[in-house]
Amino acid sequence: MASNSTELPIRKFKKDILRAVDRSQSLVVVGQTGSGKTTQLPKYLCRSGYSKHGLIGVTQPRRVAAMSVARRVAEELDCELGTKVGYQVRFDDCTSKETTIKYMTDGCLLREFLDDRELSRYSVIILDEAHERSLDTDILFGLVNQLFLSGLSTKRKYPLKVIVMSATLDAGKFSEFLGNCPIFEIPGRLHPVKEIFCDLVEAKDMERNATINYVSKVVEVVMEIHLEQKQGDILVFLTGQAEIEQCCDMLFKKSEHLDYRHDVSDRSVKALMVLPVYGSMPTEMQRRIFEPPEPGVRKCVVATNIAGTSLTIDGIKYVVDSGFVKQMSYNPRTGLDSLQVVPISRSEATQRSGRAGRTSPGKSYRIYSKDFYEQCMTEDMIPEIQRTSLSSVVLNLKCMGIHNILEFPYVDPPEERMLLEALRQLFYFGAIDRKGHIQPLGHLMVEYPLPPGLSRAVIYSGALDCHHQVLPVAAMLSSENVFIRPADERKQADAAKAHKRLSRMGGGTSDFGSLLAVFRCCSQSDSSSAWCRENYIHWRAVKMAMSVHDQLQSILSKQMKRSDFPKEKVDSSLKKESLLSKALCSGFFGNVARRATSGRGFRTMEGHGTYVFIHPSSVLFGREDELDWVMFHEIVWTSKVFMRTVCSIDYDWVKDLLPRLHEVDAYGLSGCLKPEINESGDPTDTEKDTPTNTPAVKKVAEKEEKSLKRNSESAISEARQRYLERKKAKTVR
DNA sequence: GAGCACTGC
């Protein structure tokens with residue numbers, strides 16, 4: 001990376017860019033990596049006086065980026081980090097009163113919006129890496145757009161400036177979104193990359209829906225490069241840990257048997273060094289990929305998408321692109337998350353190729369054909385906002401006083417059913433009322449950096465006085481998976497896990513109890529890192545959970561002092577572990593399932609009675625016959641539909657909460673929407689036409705699963721239908 | 001009778 005900022009392409013455009021900022025309230029800046037936009041533009045703005053009216057805020061999707069960029073700019077300005085230049089990320093606020101340029105994660109700025117909808121501390125907001133379309137960036141987009149439209153910023157002495165920075169040319173979309181603002185293009189410093197289609201995966205392979213063994217194809221291409229191409233390192237893009245390990249094994253075996261005197265065309269190449277990298281890998285091991293290889297050794301890094309954004313490796317000359325990525329998508333109808341291998345988009349393919357041209361001209365080998373590229377790949381990736389559960393987002397917007405979430409300015413609007421599902425969830429949590437208005441509980445919930453179900457459970461654990469159990473569990477659930485299972489030590493890892501849960505909480509009848517046990521072991525033990533290694537526990541994940549725990553605890557203890565904090569009757573007859581499960585039910589009462597009459601599976605109460613199984617990693621796996629009702633943290637759809645992190649519950653704990661859940665299915669949903677689509681400004685009184693004690697509701701209480709399933713399904717589609725009709729009517733008028 | 005891409009508050 002060139003440290004000399006005089007070489008940076010942006011420098012030539014300093015005057016033009018400042019003039020553009022001066023003339024327009026918003027601006028889109030397009031520039032590839034290395035153009036210097038992230039480090040230099042804030043400095044220019046600062047010097048030309050923008051910092052006199054407030055902070056210059058720059059957002060990044062990732063923590064490391066926010067911290068490292070801030071450090072570099074501080075060095076360039078020769079000031080101590082945290083003084084003139086600072087950063088703020090979760091758990092680490094490195095800013096002071098002196099700070100004029102503040103780098104932060106976009107999640108942090110989103111939090112600030114909750115307290116100050118005008119961002120009055122800031123004179124300029126720069127949204128960087130907009131092309132990545134992270135959920136938080138997209139929401140910030142909408143918020144600043146609304147800020148402009150509503151004219152709130154007219155109260156300011158100096159209007160807020162917004163600059164959007166993107167690495168790709170879909171900038172037209174961003175400009176249009178910000179009222180056709182000017183687009184400023186900075187040439188990048190990338191070297192040319194030749195793109196080669198290897199035709200090893202074709203469009204018809206996808207149509208046949210057969211499993212495509214791209215790993216062996218990738219190996220083929222890597223070996224070809226190694227044998228025939230000049231010195232230069234290789235970066236391979238695959239989708240997951242298992243694949244990467246398999247690929248590395250194959251490459252290692254193949255390169256071992258090479259005769260470098262005859263087989264290799266470039267005689268300066270004498271060996272191949274194969275290095276895997278993926279997110280769950282320990283950080284020290286990840287770091288190995290940055291070490292330069294010994295002379296004559298060709299480095300080959302086999303990576304997940306992590307090498308596409310988070311990690312930048314210098315010296316890469318050849319990229320091998322599998323064309324696939326693992327992606328999570330959420331189905332609001334079933335409430336199921338699924339992690340699937342899908343083709344990347346054409347713009348992602350370009351991004352991957354670009355990794356070959358950072359230091360010198362390079363080559364990108366795409367294992368797929370041109371047909372595959374054109375027919376199976378979409379132009380752009382589906383943005384996160386269109387494939388995730390939106391309950392957290394909607395709660396945030398509601399707390400900011402944005403009631404009309406259907407007409408919130410989204411760059412790419414999510415499907416209406418996604419928003420309806422979010423409203424429905426928030427209603428049954430009691431965060432909003434049936435008209436969609438925020439409730440006191442919603443204001444308490446939004447303060448936690450947790451999904452709504454978990455924050456509700458945390459609040460009720462405070463009310464039930466069992467937060468000492470629930471807080472660690474909430475922290476562990478929001479961290480990475482703590483149980484490690486190395487491929488060659490599975491039996492030992494499983495044994496260590498079985499031993500822990502049997503000897504600890506409740507004789508091993510709850511996965512939540514196991515999480516609590518692990519957390520307590522780690523926080524009590526002095527040499528917890530050694531203890532973790534012995535017991536196949538992911539130390540980094542537990543450490544993270546401890547930080548989260550402290551943060552949650554400080555939020556909860558402040559809330560418990562308030563007079564409006566909810567209080568519940570404590571049932572002293574309950575055993576300790578049952579108390580934990582019961583408290584968790586207050587947030588996960590929608591996540592319950594009952595043992596099915598046949599087979600080993602269960603039927604969920606939500607998601608229209610989906611047939612689900614206990615995940616083999618659960619303590620309750622294999623003990624299905626002993627169970628009746630269970631509660632789960634999440635459902636994953638892999639080879640089957642599995643409930644992951646499970647405990648058994650008493651139906652009594654949830655039966656009072658469940659009717660509410662179906663009441664909203666049958667009647668409440670349209671009520672949530674009504675005020676938002678009512679043009680007269682006179683919200684219809686939905687209480688009148690939404691009876692709360694109808695036969696449908698009673699049936700639910702009587703556990704009539706089948707009829708319930710039909711009811712809720714048709715009610716949702718009816719509500720949607722009604723909404724769509726009204727929307728249509730509105731546009732006709 | 002299995003498998004966990006990647007972020008973030």
Side-chain angles (χ1 to χ4, degrees), chain A residues 59-66 88-93 104-114 129 132-140 237-246 277-281 303-311 322 324-329 337-342 344 348 381 384 387-388 392-393 395-396 445-452 454-455 474-475 478-487 490 493-494 538 541 544 547-548 551-552 555 599-601 613-618 620-624 634 636-645:
Chain A
T59 70
Q60 294 289 322
R62 280 169 297 281
R63 295 165 56 90
V64 254
Q88 189 191 348
V89 296
R90 187 184 186 184
F91 307 131
D92 192 1
D93 183 356
M104 66 198 123
T105 49
D106 31 29
C108 275
L109 187 60
L110 214 47
R111 287 268 130 181
E112 282 194 45
F113 251 106
L114 273 174
E129 312 285 2
E132 284 187 30
R133 305 296 307 279
S134 84
L135 183 59
D136 288 345
T137 322
D138 266 20
I139 298 302
L140 286 175
F237 283 103
L238 283 174
T239 73
Q241 179 179 346
E243 253 172 43
I244 286 171
E245 276 162 4
Q246 187 198 350
V277 64
Y278 42 83
S280 61
M281 192 181 236
T304 57
N305 243 9
I306 195 169
T309 48
S310 306
L311 305 176
S322 66
F324 289 92
V325 68
K326 237 176 215 171
Q327 202 173 250
M328 185 74 89
S329 28
D337 271 331
S338 62
L339 191 65
Q340 283 169 316
V341 174
V342 294
I344 57 170
E348 284 173 289
M381 179 186 43
E384 197 182 354
R387 51 184 171 83
T388 21
S392 278
V393 166
L395 179 62
N396 258 287
M445 283 164 65
V446 83
E447 289 187 28
Y448 295 89
L450 297 172
L454 213 46
S455 50
S478 50
S479 184
E480 292 171 82
N481 183 15
V482 295
F483 298 105
I484 305 169
R485 281 189 85 211
R490 285 184 190 170
D494 289 346
H538 196 331
M544 174 72 183
S547 307
V548 176
Q551 189 188 18
L552 300 180
I555 298 169
R600 307 188 73 171
F613 295 90
I614 290 182
H615 195 275
S617 66
S618 169
L620 292 170
F621 180 78
R623 297 168 60 177
E624 288 85 351
E634 59 180 354
V636 286
W637 185 11
T638 50
S639 61
K640 275 184 184 172
V641 182
F642 288 111
M643 299 179 278
R644 218 160 47 180
T645 323

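Numbered from 1 within each chain, the chains take letters A, B, ... in sequence-line order.
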* Asked: Does OP1 or OP2 of B:dT7 have a side-chain N or O of A:R63 closer than 4.0 Å?
  -> no
* Structure fact -> A:E243 CD to B:dC6 P, in whole Å, measures 12 Å
* Atom pair CZ/CD of A:R90 and A:Q551 - distance to nearest 0.5 Å -> 4.5 Å
* To do: Let me know the distance between NZ of A:K640 and C1' of B:dC4, rounded to the nearest Å.
  => 19 Å
* To do: Write down the distance between CD (A:E129) and P (B:dT7), rounded to a whole number of angstrom.
  => 14 Å
* Asked: Do A:E243 and A:K326 have side-chain heavy atoms sitting under 4.5 Å apart?
  -> no
* Has A:S478 got a side-chain N or O lying under 4.0 Å from the OP1 or OP2 atom of B:dC9? -> no
* Asked: Among the nucleotides B:dT7, B:dC4, B:dC9, which one has an atom lying closest to any side-chain atom of A:R644?
  -> B:dC4
* Structure fact -> Of A:D136 and A:V636, the one whose closest nucleotide on DNA chain B sits nearer the 5' end is A:V636
* Look at the side chain of A:N305 against the base of B:dC6 and say whether a donor-acceptor pair falls under 3.5 Å; ignore hydrogens and angles. => no
* Asked: Closer than 4.0 Å, any side-chain N/O of A:R111 to the OP1 or OP2 of B:dG8?
  -> no
* Interatomic distance, A:E384 CD vs B:dC6 C1' [rounded to whole Å] -> 9 Å
* To do: Name the nucleic acid region contacted by A:V89, choosing base, sugar-phosphate or nothing; use a 4.0 angstrom heavy-atom cut-off, strictly under.
  => sugar-phosphate
* Can you check the A:E634 CD to B:dA2 P distance for me, whole Å? -> 18 Å
* Which nucleotide, B:dA2, B:dA5, B:dG1, lies nearest any side-chain atom of A:R600? -> B:dG1
* Hey, is the side chain of A:S134 poking within less than 4.0 Å of OP1 or OP2 on B:dT7, counting only N and O atoms? -> no
* Structure fact -> Picking from B:dT7, B:dA2, B:dC6, the nucleotide nearest the side-chain atoms of A:Y278 would be B:dC6
* Asked: How about A:L238 and A:Y278: do any of their side-chain heavy atoms sit closer than 4.5 Å?
  -> no
* To do: Send over the distance from A:F324 CZ to B:dC6 P, rounded to a whole Å.
  => 18 Å
* Closest to the A:R62 side chain, choosing from B:dT7, B:dA5, B:dG1 -> B:dT7
* Asked: Quick one: on DNA chain B, does A:Q241 or A:R90 contact a more 5' nucleotide (nearest heavy atom)?
  -> A:Q241
* **Min side-chain heavy-atom separation A:C108-A:D93 under 4.5 Å** => no
* **Contacts of A:F642 that satisfy ring-ring contact (aromatic ring centres under 6.0 Å, His included) - sequence neighbours left out** => A:H615
* Nearest whole angstrom, please: distance from the C1' of B:dG8 to the CZ of A:F91. => 10 Å
* Could you work out which one of B:dC9, B:dT7, B:dA5 sits closest to the side chain of A:T105? => B:dC9
* Asked: Considering only B:dC9, B:dT7, B:dA5, which nucleotide approaches the side chain of A:P449 most closely?
  -> B:dC9
* Smallest separation among heavy atoms of A:E480 and A:A541, with atom names -> O-CB, 3.7 Å
* Return no unless some side-chain N or O of A:S280 is found under 4.0 Å from OP1 or OP2 of B:dA5. => no
* Rounded to the nearest angstrom, tell me the gap between atom CG in A:L238 and atom P in B:dC4. => 16 Å
* **Proximal nucleotide (of B:dA5, B:dT7, B:dG1) relative to the A:S310 side chain** => B:dT7
* Consider the side chain of A:C108, meaning its heavy atoms from C-beta on, and name the nucleotide among B:dC9, B:dC4, B:dG1 that approaches it most closely. => B:dC9
